[in-house]
Structure formats: structure tokens, C-alpha cells
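The sequence lines fix the lettering, A, B, ..., with proteins before strands; numbering per chain opens at 1.
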Amino acid sequence: MVTRRKRTPGAGRGAVRVRRFRERAEAAGAEVRTAGAPAQARKIVAGIIEEAGAATIALAGDAAAFVPARLKARIVRGTRAEDIAAAGAGVVFAHHGIAETGTLVHLDRSDAEKNVWTLPPVCIAVLEAKAIVERLENVLPVLTAHLARPSGFGQASLVTGPSRTADIENVLSTGVHGPGRLVVILIGGKSGSAS
Amino acid sequence: MSRARIDPALKAVLAEFSRSYLIKRRNALMGQDFEELRALLAEMKDRSLDRNEELLSRFEAEARKRGNEVLRARDGDEANRLIADVLKRSGVAKVAKGKSMVGEEIHLNDFLAGRGVEPRETDLGEWIVQIEAGAPTHMVLPAIHLSRADVARIFARHLGRPVPEEIPALVRIAREELRREIFAIPAGIVGANALVAENGAVLCVTNEGNGRLVSTVPPVQVVLASIEKVVPTMADAGLLLRLLPRNATGQVLTSYVSFIAGAGDHPRTIVLLDNHRSRILADPVFRQVLRCIKCSACLNVCPVYQVLGGKEFAHVYMGGIGTLLTAWVHGLGESKAMAGLCLGCHRCEDYCAAKIKIADLVIALRERLNERTGAPLWKRMALEGVTARPAVRRAAFAAARAARPVLKGTGEFLRRLPFPFREFDRFRAVPAPAKKTFSRLYEKSGLGRRAAAPKGRVTIFAGCLVEHFFPEIGMDAARVLAALGYGVDLAPDVCCGFPSANGGFSRAARKSYRGLIGAIKSSEAVVTLCPTCTTMLGHTGPALAGEEAAGLAGRIVSFAEFIERREKKGLVRIIKKGGTAAGLTYHESCHHKYYLKASDATRSVLEAATGSKIIEMPETTTCCGFAGSFSADHPEISAALLEEKLDAIRETGAGEVGLDCPGCLLQIRGGCRRQGLAVEVRHTAQILAARLNRPIP
């Protein structure tokens, strides 16, 4: 079961993978929206920020390309955790997705970047459909390479759905420590209807 | 005999939790080959344990290369001291904690508080338990014993203001409070789910994200991990991730999985704790305990944990696996009461992610407890002095039989027991000893002298309960086998040795078992009527007796499996046509299901014989609460489990309950009697014999 299967790239398989990712991510409590191109993604990001009523937003470095240039919300400057926590939403970029579990993969490069994923009440994560792999084992080489360099930041995260707890009466609640909402914006994923 | 306390509200919560857990787990494992995965995991953990020191050294080197400080602690005291020193040298007076069972193990919070460092739990459940001043009762859900009303009361007292009894509001309050605390606290301590040797990464698997906050926000960072957590590579960590969340909470993956190899922006100290684990590693019997990945699946399916919860069935660690860990990390004496609480149903072993033989190891632990701390006199007398000595044992049963006229009440049950023994029969009528033993009845029947045996001969091993209390089961089994064309011999009435083995008296068990090997002369199949005897004869005994048992072990077969394997077609010839009007349900006896994996064989035989589908009862696989001497040791737990079983039977509306174990029959029939439940409880052999199409004497 755990031997790595060779991935055969191709539109057909890719579409199945994207659909599975979407189903699994939604099952884990994430919201998934699809965008044809980065321009459309920027519009969706702006919409969610507005909908969330976020006056300030925090950005993880590589997500900047997916935030509209003209935005009502102020962008947090600097890397202080307190400032990131005070933002109404965080916008991040996921390096990979795992279809089998609906997971976002991030190769962390700073504590601040990790905090953008975790501290604001809403997390908006941009993911390119072509970066979705089938199984956890498919991203292990990427993670291994990222963690291998002793000089690097040397941390990596897998995020599946919003922060959750069932500690009171085994009833599920979201947002106990991390974001209560996780919105994934899938670029180039044609499966399912775009919201 | 200590009495455990049963909290009915907690019992209901745990039952519901177990039910929902099983559904979520099944869904999460869909498309996964659990057996293959756990075999791989067990093999990976064994391989890692073999190289433990080498892997720890590698981990240490790699983690240091990435800017971390790595310290080793021989025991809890040393780990506590090291952590307190790190915090003190950073001038820290308060520390935020992620969930860590190892921290609980070494009582880190108390130690830090004593050193003037205030610990603050940040996992919601742990935080609730901390401000309640209690202790976690489950490894994954620490506050499972508290209701939302309890939590609201605890919060209100802590915050000094009224708090609504609604879960979303309670969670919101926790977020605000803990967020404020985490930002104000200058240090964080987290546990680890694995340590990756090849790159010095600490693996943290969480849902709430508190571990992520605590390992990122505070400027001083500590990781506390026990040494068995180290695995060689990222691929091995990947295997762990494939199994841990699925088996722990029925999630395909938890919300946050963090690999922390680099020290990040803050200094990080990793404390590696031994605390007697090197001793476990050196013990060939108990070493597999260290395969445990703390998924808690064993607790979620443990019938006793379900009834008692983790306050009663715990020292620090809970349940069967907790009993084993406790014996080593907290001392044998601390594990004694827990060791007596294991039913030996083996259900946990079917769910363990690392294939740990938990119930077998608890028996091995009882052995050590008997050796080192002594066993109660009555137990020693019964399990060493009586069962292992055929003459003494026969005399004891003969005496019981002689007293039958005095003891017997109505039906085949004893009179109500007098005062000091009242709790043993309050919930279940106890059967009277049979007027004649099975051997005697069989001899008188002349069945054994019949010459016609076209299919050859088989030997019935009846077991104590059938021989002395339920001889009709033996007679019915013999009739069915005779009708199928077998000549039937009886094995002599000798104890199989299981009660002694189970109590941790392996010398007596070995003696019983060896006596039996000598006494069974035939070389044909030995058909058993009790799954516990079958387990002893075919599995436990051979492990004790070694080579000597080679000839016998392979010939042991339960009645149901014998019919299913050899006579499924033959059965159709000897059984009357027409189904059962009353409806038949089936109770899976623990050893039959979990050890012999034979329940499906019975189902198939019963359905073939009755010509109708079994009406499945809810929770068919949980123990009825008998479990031999367990029901005498813990009548209150036995009664609680029986109650659930009777409810399940009632729910089916069936008029007949089939089962394979005379012990379960004793318990369930006795319970039906007390509750006035009009249901026939029968052994598989009886159900078949009642449907024979021609009379056999």
C-alpha cells in the first residue's frame, strides 16, 4: 500500500486528482474555490477579504502575487507575531496539495510565514492545481530535500482543514487556536463549479 | 478486592464516543489495507528499536547541525531538572505547553511549579483539566470525562464571570484566553510524535494548532520526547502519518502536521527522555510495548475503559497499554490494580496500530507481579493448588455436585447467595453444578461404543464448564458429530490450564497443559467446546510447553470451525428443513472472535443449520463481562457489561441467542434469568443438535 506509485501526468488523471483533493479538503472542513487564472484568483481573494470584514491582512511572502494591488484592507508590515495575529485574514501560498487527504503542503521559511497560516481567524491559501499530488508519499521527497539543508529554516507543514477540536463532549468545533475558516483557491483546477 | 467506581454519565459519553470513533475510523481506513500497514509499522518500529542508540545519536547530530540544543535525560527527575534549568537560565517564570503525555509521565508541571515556573497547558482538553486541577483521562481527549456544563462551571470559576453552557461559546472563550496567554508567555514546551534521525526533525501531529503556536510564538523553545520516538527516515515518518490519525481519531490526516528540523528564529532545546525505556528495550518479552505510537485506539475499543474511563483504569497512562507502560516507568507496584482490570478479551489487539499483543503482555505482567509482589492467597490456592492438580480439582467438583441438593434453587440455578457473596449473583443467576458430569452421561448413552464411524474418530475436549455445569452441550456436540458419521472419544477431564496462565501462574498452567498432552491419546482432531480452552490448547499452551506440544496444537479445532471446514455439506443432510421462527441472534465470544478469528465460521454454520439470516445485535463483538475470574474480581464491571449485552439482545427481538463459549452462556443465561428476559441462550452445538432430522440417543 505504501510503495510509491509512479504518477502518470495527463489531463484525465489530473482532473481526478483535483476532484479528489477538493472532496477531501471539503470533508476536512476547508472551503474550496476554483480560479482559471491568477487574475481571477486575485478577484476571489479580494472577495473573501471583504466578506470576512478584514481591515488588515497578513501575507506570506510568495502569496503577494495573488493579492490585488488595490485593496481596501491594510497589509501587515514586518514579522511580529502580535501584528500577524491582529490581522483579519492571512493569505498564503501552498507549495503542494495532497489529493488523498485534501492537504496543503508548505515548505516553511520563517516563523512569521508559519504564523500567517495559523494566527488570523481566516486563512486564504492559494494552490495551483498542477501542484497537487496523489498521496502523502509523493511529497516526501520534496519535504526531505527541504529539511535536508542544515543552513535552511528547516521546517515544513501539512495543513488539512481549519483548526479543530473535539475536546468538549467529542463535539467538533473549529477555530480553537488556528483559523476557524480555511479557504483554498485552486488555480487551474477545472473540476467542480467555480464559486 | 478493590471496587472501581462507575460513573453512569461518563459511561454513556464513552459508549457514544466509541461508537462514533468506530464509524470515523472505518471511513478513514477505506481504501487502506490496515493489516498490511500495521505490519509495516510494527516492522519499522522494531527495526528502529533495534538501532535505537545509533538513531538517537544521528538525530542528535543532525538536530545540533540545525542549531538545536539536544540533551539526554536518564529519568524523569533529570528531564524535569534540565527543562527547569533551560527556563531558569532564560529568566522565564511561565511556560506554555503543548500536549505531552511524556510530560504527564514525569509530572513536569508539578516540578516546574515547585521551581517557580508556572506551566500553562494550551491544548483545550489539557487546559480544562489543568484549571479544574484534575488529570487527563484519555490520551487524545484529556477532558472526555467532563460535560459542557462541567466545562462552563470550570471556566466560570477560573474567569470569575458567568459562562454559557454552549460548546461554540466555550471554544471561543478558550481561544481568547489561551491566545492572550501564549502571547504573554516567553517559553513553549511541546511533545513529539516522532523524531526523524536523518534530518533531526521533530514531528508534531495536532488538530487544534496549539502545538504550532506554542512552538512558534514564544521566544524560548523546548521539545520533550521519549527515546522510542526516533525513526530512521522521512519515509518512516510518512508511514506513521498514514496510520496514526486514521487509527487515533478516524481522520485521514490531522489539521496540522509540523516537521521542525531547523531551530527557526528562536533557540530550541530538545530533551530526550529514557526513564526506564532502555530496560524495556532490553527485555525480549516486553520490548514491543515501545512500538506504541499513542494512538489510543486500544482505549477506544476497550470494554473496561468504556465502563470505567481513564480516571479509574489509569495511573498516568491508561488502559491495557497504560498498564504495561506504568509497570516500567512508574514501577510494578503502581501497575498491579490496573493489571487486574484487563478482561483479556484481546479486542485491543485487533485495533493496535503497531500490533502490540497488549492482552498477552498483561498476562506476562501478572506473572511478574506474582513473582515480585505476591498474589492473593485465594488466587494462589485456586490457580496453583486446585486447577493444576487433577485429583484435587476432581474432588472439588465432586464436592460441589454432592452439595447440589442443598445449593440448587429453581431450574438449574443456585439459590440466591448469602450476604457476603450477594454481589456475585445480584446481576446474574449462577448455575448449579450438573447432576451428572458430561463424561458420565456420555458413558451411559452408549454413543461412544457405536461401531459405525465411517468418517473416522474425533476426540471432544469439553472443558470444565461443560463437564461439570453444562453437560448437555457436550452431549449435543457428540450427537451432531455422531450424526455426521464420526466416532467420538472424550478427552479426560483435566483443566486446560488457562485460568492459571491468565492469572500469571505459568508454572501451574504448564503443568496442567503437559498433563493434558499425555492424556489425549488419539491422533485425530480434537474438537473443543470452549474458545478459551481452544486458545490454551492451540496457542497459549504450546507457547509454554514448546516442542512437546507440537503433536497436539495442530489438531485442536473449535466445534464451529470443524463443522464449517469439514462438514458444511454434511450438515445439510442431517438437519431438518425449515427456519427458526423465533429469530436467532449471535454473540461473538472474545477468544472465539479475537484470538481464533472463528466467528464467521460460526455464523456460516448457524445460518446453514437454521436456514435463516442471523439478526445481528449491536456491539456483537464486545465482551459480555464474564471473562472467568474477572467477574468474581470485578462484579460491578461484569454487571455493567452484561447489562449492555442484554440491552443489545433485547434490541434484536430474537428469541434465541447463539454463542460458542460456555462462560458467555453462564453469564448471559444467568443475566436473562435475573432480568426475566425470555430468550433461549444456546451453544452452537445445541442449536445444531436441536435441528437434527433423526434422533440420536
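No other option in Val171(B), Val202(B), Leu178(B) has as many heavy-atom pairs under 4.5 Å with chain A as Val171(B). Of the listed residues Glu62(B), Met234(B), Arg212(B), the one with more heavy-atom pairs under 4.5 angstrom with chain A than any other is Arg212(B). In terms of heavy-atom pairs under 4.5 angstrom with chain B, the leader among Pro179(A), Ala112(A), Ala30(A) is Pro179(A). Among Phe259(B), Phe17(B), Tyr21(B), the residue with the largest count of heavy-atom pairs under 4.5 Å with chain A is Phe259(B). The candidate with the highest count of non-hydrogen atom pairs below 4.5 Å against chain A, out of Val151(B), Ile167(B), Thr249(B), is Ile167(B).
In this structure, no portion of Glu176(B) lies under 4.5 Å from any heavy atom of chain A. Looking at Ala28(A), neither its backbone nor its side chain comes within 4.5 Å of chain B, counting heavy atoms on both sides. In this structure, chain A has no heavy atom under 4.5 Å from any part of Glu16(B). Contacts of Arg149(A) with chain B are made by backbone atoms alone, with heavy-atom separations under 4.5 Å and no side-chain atom involved. Looking at Thr254(B), only its backbone comes within 4.5 Å of chain A, counting heavy atoms on both sides. Residue Leu141(B) touches chain A through both its backbone and its side chain, counting heavy-atom pairs closer than 4.5 Å. When heavy atoms are compared at a cutoff of 4.5 Å, Ala237(B) does not approach chain A at all. Only the side chain of Arg246(B) comes within less than 4.5 Å of a heavy atom in chain A; its backbone stays farther off.
Within the model, atoms CG of Asn207(B) and NE2 of His177(A) stand 11.5 Å from one another, a figure rounded to the nearest 0.5 Å.
Here the side chain of His266(B) pairs no donor or acceptor atom with the backbone of Asp111(A) at under 3.5 angstrom. Between the Arg179(B) side chain and the Leu119(A) main chain, a donor and an acceptor come within less than 3.5 Å of each other. At least one donor-acceptor pair closer than 3.5 Å links the side chain of Arg175(B) to the backbone N or O of Gly175(A). Remark: the backbone N or O of Gly152(A) is not paired with any side-chain donor or acceptor of Arg66(B) at under 3.5 angstrom. A donor-acceptor pair under 3.5 Å is absent between the side-chain atoms of Ser157(A) and the main chain of Ser258(B), judged by distance alone.
Taking 4.5 Å as the limit, every side-chain heavy atom of Val13(B) sits out of range of all side-chain heavy atoms of Asn170(A). Proximity of Glu208(B) to Asp167(A): side-chain heavy atoms (C-beta onward) are separated by under 4.5 Å at one or more points. Looking at Thr216(B) and Thr118(A), their side chains never come closer than 4.5 Å, going by heavy atoms from C-beta outward.
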